[in-house]
Each structure stands twice: as C-alpha cells, then as structure tokens.
There are 2 protein chains.
Amino acid sequence: MALDLGPLDGHVGYLLRRAQLAVFADIMTGFAAHGISPADYAVLTVIGGNSGAGQSQVAESLGIQKTNFVPQIRRMEERGLVARTPSPTDRRSMSLTLTAEGETLLAELHRTAQAHVDRMRGHLGPEAYAALREPLMRLAAIGPG
Amino acid sequence: MALDLGPLDGHVGYLLRRAQLAVFADIMTGFAAHGISPADYAVLTVIGGNSGAGQSQVAESLGIQKTNFVPQIRRMEERGLVARTPSPTDRRSMSLTLTAEGETLLAELHRTAQAHVDRMRGHLGPEAYAALREPLMRLAAIGPG
DNA sequence: GCGATTAGTTATCTCTCATAACTATTTTCT
DNA sequence: AGAAAATAGTTATGAGAGATAACTAATCGC
C-alpha cells in the first residue's frame, strides 16, 4: 500500500534524489562486474582526458573535496588503474595518469556507460533525455556559483 | 583551472548527481537551523500526511529499507518529533504519528521548503522547473518499475 | 494448526561527505 | 632576500547513507 507523499513529489529536490538513485543503480549493474563505482568511473574518465593533472585538480573538477579524494585515488592506485608520480615542476603535487590496465578498463567502461545512456534515452525518448541536460547543469551550478 | 570532463557531462547520471548535491545543499541551508536533514523532512512529511502508518510502510514509500530506517526514526523519536505507539490491530507494528512539536516543526519546514522551491523556480524559470517533474519521475521508476 | 509472510530489530560493513589540524612546498609581497 | 600567505597532499575523525545477514514475534493463508 503506497502512502501519500504529499508535497514531496512536487519538490524537484526529492525527485532528483529518487531519480539519481535509480539511474545509479542501473549503471552500477554494468559497472559492478568490474568492481567500479560511478564515482570511480568519473575519476578515471577525468584522468584519462587530462593525463598528468594533479590530485586536487581532478578532485575539484568533480566536486570532490581533496581530503575525501585520498582514499579513493589510493584504492585505484592499489588496483593498478592509476599511477601517481611526483610532478616534475611542483614537488608538492602528484601527477595522475592511467596505467595501461586503467586505459583498457576505461575503454570498456565507456562502452558500458554508453549502453546505459542508450537505455535511459530509451526510457525517456531522445528529446526528453537531451532536454534534461540544460536545467540539470543550471541546478548543479547554483552552489559554487 | 577547470579540467575537461569528457563524456561525463553528456551523462544524465552524472548531471543528476551534481544537481542533486547542489539542490540539497541549498535546501539544507534552510533546514540546518532546525537540525533537520532532507531525509528527515521527507519522513516527517509522510508521517504528517499518513498519521498512524507503520514504520515499514513509511520507509518503503520513501525508498528507504526498513533496516536503515530504524536509527533515523529513533533519532526523531528521541527528539520528541515523532511518537511510536504499538498498533492496536497488529501487535508487530508501530504506529507513527507526529507529536505536537513535530506538527509545529513540520509546518515551519514546509514554509522553508517552499521558499527553497521558489528559489529553484527562480533559477530555472517556472516552465523549466515544472517540465523537470515528468522525466525525473520516469527515471525514478526504472528500478522498482 | 502449520508453514509462509510480515514488522521490527540488531549487528556489520562499505562508502560518502564534512571538519580540523598538520607538513611540505610554492607564491606573493614588500 | 625574507616573511607571510596560499597551495598540494595527508591523517584523523565523525555522522550518515545504503546494503546484507540473521534473528524474534506476530499474523496470514490454506
């Protein structure tokens, strides 16, 4: 027996949470076989597209605090997906690059992610899917301004 | 220096996560003064609109597992916002109701939430805001659907 | 009445997100 | 050049979300 959610289902915040959990659950079914979370995928993607970037740079661009990024990047280093080498130009900074294994896995993950996107597009229709981007980006920007 | 997010900002899953965090951060600025999280607000709202409902019912309608709901509802009981009384018709079940204090607080929270919604509507425009509901509900339904 | 559900709980575990405090290195500014 | 401020990364810590497994007590289906 479903209860009345009252004003809740008029709140975009509530709908965003429910939608996000459902969408993440869907993409995780594909990633789980590789032991990768959506957050890991995002990190690998950014490192792959910005080889040599520093930890704080990668973290910040994903909206992760550098302090919380430490255990995540360490896990991926220990798994042999990411290499952390001291930056030659700044001795404080660690340059992040994908290992060969990381590259291979990322390519595979991109295919998995694309299958997921296609699935979501199928649920909404291509126009509705595309139409989501702009307002979501606008909402995402309200914090950091 | 912002890094290239690559295919990430084409993925609705990623945008949903970023948008959700930003929207929650906004609403939490209003709720924080009351020591209430968005999840707490959702629970109070459902109990308020379905007085006497059981724990598992409330949890399920919000997509929370009953096992994870226990500490949350206990916190709210200890704060005196919610009363848990044994159901007269089913001795396994706990009837949840708002206390007078819970009612008062919920009314206040509804006003705060409405201010937040108005703010989000201002960011997106009323049409774009309203247009978000349908696709988000559709995405939220893909799991249990 | 007996087996299968259901309501609620406890106990774990992992991951996320946040804050505070610290080291070591640049940068900035005078 | 040298002191002060900012930056890169780390550790420690804590609350909270979400998941799973195993359990008790009560109700339901037949």
Side-chain angles (χ1 to χ4, degrees), chain A residues 1 3 13-14 16-18 20-25 28-29 31-32 35-43 52-79 82 84-96 143-144, chain B residues 1 3 14 16-18 20-25 27-29 31-32 35-43 52-79 82 84-96 143-144:
Chain A
M1 182 207 292
L3 298 181
Y14 177 74
L16 277 172
R17 172 178 164 263
R18 297 297 296 261
Q20 191 243 315
L21 287 177
V23 168
F24 268 42
M28 271 192 273
T29 64
F31 284 174
I36 288 290
S37 69
D40 292 334
Y41 171 63
V43 169
Q55 255 177 240
S56 294
Q57 252 180 325
V58 171
E60 188 193 344
S61 72
L62 288 169
I64 305 169
Q65 284 179 256
K66 63 181 183 175
T67 190
N68 293 325
F69 190 49
V70 173
Q72 187 181 2
I73 195 69
R74 180 155 45 198
R75 255 175 272 142
M76 293 198 273
E77 187 190 20
E78 281 167 0
R79 258 189 74 174
V82 169
R84 289 169 9 105
T85 57
S87 158
T89 65
D90 185 338
R91 280 189 298 170
R92 292 169 301 180
S93 178
M94 301 300 276
S95 272
L96 302 180
Chain B
M1 180 209 292
L3 297 181
Y14 177 72
L16 278 173
R17 173 179 163 265
R18 296 298 296 262
Q20 191 242 315
L21 287 176
V23 168
F24 268 42
I27 196 168
M28 271 191 275
T29 63
F31 284 175
I36 288 291
S37 70
D40 292 334
Y41 171 63
V43 169
Q55 253 177 243
S56 296
Q57 253 181 325
V58 171
E60 188 194 344
S61 72
L62 287 169
I64 306 169
Q65 285 178 254
K66 63 181 183 174
T67 190
N68 293 326
F69 190 50
V70 172
Q72 187 182 1
I73 195 69
R74 181 157 44 200
R75 257 176 271 142
M76 292 198 272
E77 186 190 22
E78 282 166 1
R79 257 189 75 174
V82 169
R84 289 168 11 103
T85 58
S87 159
T89 65
D90 185 338
R91 281 189 297 170
R92 293 169 302 179
S93 178
M94 301 300 276
S95 272
L96 302 180

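To find a chain, count down the sequence lines: A is the first, B the second, and so on, and within it residues start at 1. No experiment lies behind these values; they were computed from the predicted model shown.
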Distance, rounded to the nearest Å, where [X] contributes [atom1] and [N] contributes [atom2]:
X        : N      : atom1 : atom2 : answer
Arg84(A) : dG9(D) : CZ    : C1'   : 8 Å
Glu60(A) : dG9(D) : CD    : P     : 11 Å
Leu96(A) : dG9(D) : CG    : C1'   : 11 Å
Gln57(A) : dA8(D) : CD    : P     : 8 Å

Check your understanding: Per the end-axis method with five pairs at each terminus, what is the bend angle of the helix from dG1(C)-dC30(D) to dT30(C)-dA1(D), to 10°?
Key -> 40°

Point to revise | side chain to side chain donor-acceptor pair (under 3.5 Å) contacts touching residues 68-79 of chain A (sequence neighbours left out) | key: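 For residues 68-79 of chain A, and leaving out neighbouring residues, the side chain to side chain donor-acceptor pair (under 3.5 Å) pairs sorted by first residue read Asp40(A)-Gln72(A), Glu77(A)-Arg84(A).
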
Considering residues at least two apart in sequence or located in another chain, which fulfil the side-chain hydrogen bond (donor to acceptor under 3.5 Å, both in side chains) criterion with [X]?
X        : answer
Thr67(B) : none
Tyr14(A) : Arg18(A)
Thr85(A) : none
Thr29(B) : none

Practice item. List for me each residue that meets ring pair (Phe, Tyr, Trp, His ring centres under 6.0 Å) alongside Phe31(B), sequence neighbours excluded, and say none if there are none. Key: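 With sequence neighbours excluded, Phe31(B) shows a ring pair (Phe, Tyr, Trp, His ring centres under 6.0 Å) to Tyr41(B), given in chain and number order.
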
Could you pull out the closest heavy-atom pair between [X] and [Y], with the gap in Å?
X        : Y        : answer
Arg17(B) : Ile64(A) : NH2-CG1, 4.3 Å
Ile27(B) : Pro38(B) : CG2-CG, 4.0 Å
Gly13(A) : Val23(B) : CA-CG1, 3.7 Å

Review point. Mind checking what makes side chain to side chain contact (heavy atoms under 4.5 Å, CB included) contact with Ala53(A), not counting sequence neighbours?
Key: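 Testing Ala53(A) for side chain to side chain contact (heavy atoms under 4.5 Å, CB included), a comparison that skips the adjacent residues, returns Asn50(A), Gln57(A), Val58(A), Leu3(B).
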
Exercise for review: Taking side chain to side chain contact (heavy atoms under 4.5 Å, CB included) as the test, write out the residues that go with Ser93(B), two or more places apart.
Suggested key: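 Ser87(B), Asp90(B).
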
Grab the N/O contacts between the protein and nucleotides 26-30 of chain D below 3.5 Å, and write none if there aren't any.
unit_1: dT27(D); atom_1: OP1; unit_2: Arg91(B); atom_2: N; d: 2.9

Check your understanding: Is there a side chain to side chain contact (heavy atoms under 4.5 Å, CB included) between Phe69(A) and Val43(A) once you walk through the steps?
Key -> CA-CA 10 Å; Phe69(A) 190 49; Val43(A) 169; 3.6 Å; yes

Revision key, fill the gap. Value for OG (Ser37(B)) from CE (Met76(B)), rounded to nearest 0.5 Å, stands at 7.5 Å

Exercise for review: Under 4.0 Å from any heavy atom of chain A: name the first and the last nucleotide of DNA chain C that qualifies, 5' to 3'.
Suggested key: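 Endpoints of the contacted stretch of DNA chain C: dT16(C) to dT26(C).
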
**Study point:** Heavy-atom protein contacts under 4.0 Å, nucleotides 14-21 of chain D, coded B base, S sugar-phosphate only, - none
**Key:** ---SBBBB

